[in-house]
Amino acid sequence: LWKEKIMSVVHKNYRIVHYGTFTMYKIQPPGSGAIPKELTGGFTTIDFAKQAIDRSLESLKKRRGRKANGPEESTSTG
């Protein structure tokens with residue numbers, strides 16, 4: 001079954017665009033800034049690109065929370 005290629009999708013302000021002659025997609029940043037390393041390269045489906053964006057944003061959220069709250073404390077006993 002042939003599916004029509006989707007040329008561009010927006011997910012959480014990032015554009016997922018079709019490029020090349022194969023079914024590959026790349027992620028473009030909102031505005032003209034750079035994107036995290038894990039979002040560079042090609043993705044075989046729009047869903048994989050969306051998952052990468054979600055993971056990247058979650059990771060960024062955790063890193064920012066750690067900086068705002070100070071270093072995490074260890075709860076080991078011993």
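Just the heavy atoms: all of them, side chains too, but no hydrogens, waters or symmetry mates, feed the values below.
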Legend entry - Hphob cluster co-occupancy, Val10 + Tyr25, side-chain heavy atoms under 4.5 angstrom: no
For residues 48-58, run the donor-acceptor check on the side chains, cut-off 3.5 Å, and write out each pair with its distance to 0.1 Å, sequence neighbours left out.
residue: Asp54; atom: OD1; partner: His11; partner atom: NE2; Å: 2.9
residue: Asp54; atom: OD1; partner: Lys12; partner atom: NZ; Å: 3.0
residue: Ser56; atom: OG; partner: Glu38; partner atom: OE2; Å: 2.9

Inset, instruction - State, to 0.1 Å, how close Ile35 and Tyr14 come at their nearest heavy-atom pair, and which atoms those are. - result: CG2-CE2, 3.9 Å
Legend entry - Single hit among Val17, Thr23, Ile16 for side-chain contact (heavy atoms from CB on, under 4.5 Å) with Ile46: Ile16
Inset, instruction - Return the set of residues passing salt bridge (Lys or Arg N to Asp or Glu O under 4.0 Å) with Lys37 (not counting sequence neighbours), or none when no residue passes. - result: none
Legend entry - Results of side-chain hydrogen bond (donor to acceptor under 3.5 Å, both in side chains) for Asp47 - residues two or more places apart only: none
Inset, instruction - Mind running side chain to side chain contact (heavy atoms under 4.5 Å, CB included) on Met24 and Tyr19 for me, showing each step along the way? - result: CA-CA 6 Å; Met24 295 294 288; Tyr19 79 103; 3.9 Å; yes
Legend entry - Residues which pass side-chain hydrogen bond (donor to acceptor under 3.5 Å, both in side chains) with Thr40, listed by chain and number, not counting sequence neighbours: none
Legend entry - Check: Ile27 and Arg15 side chains under 4.5 Å, non-hydrogen atoms: no
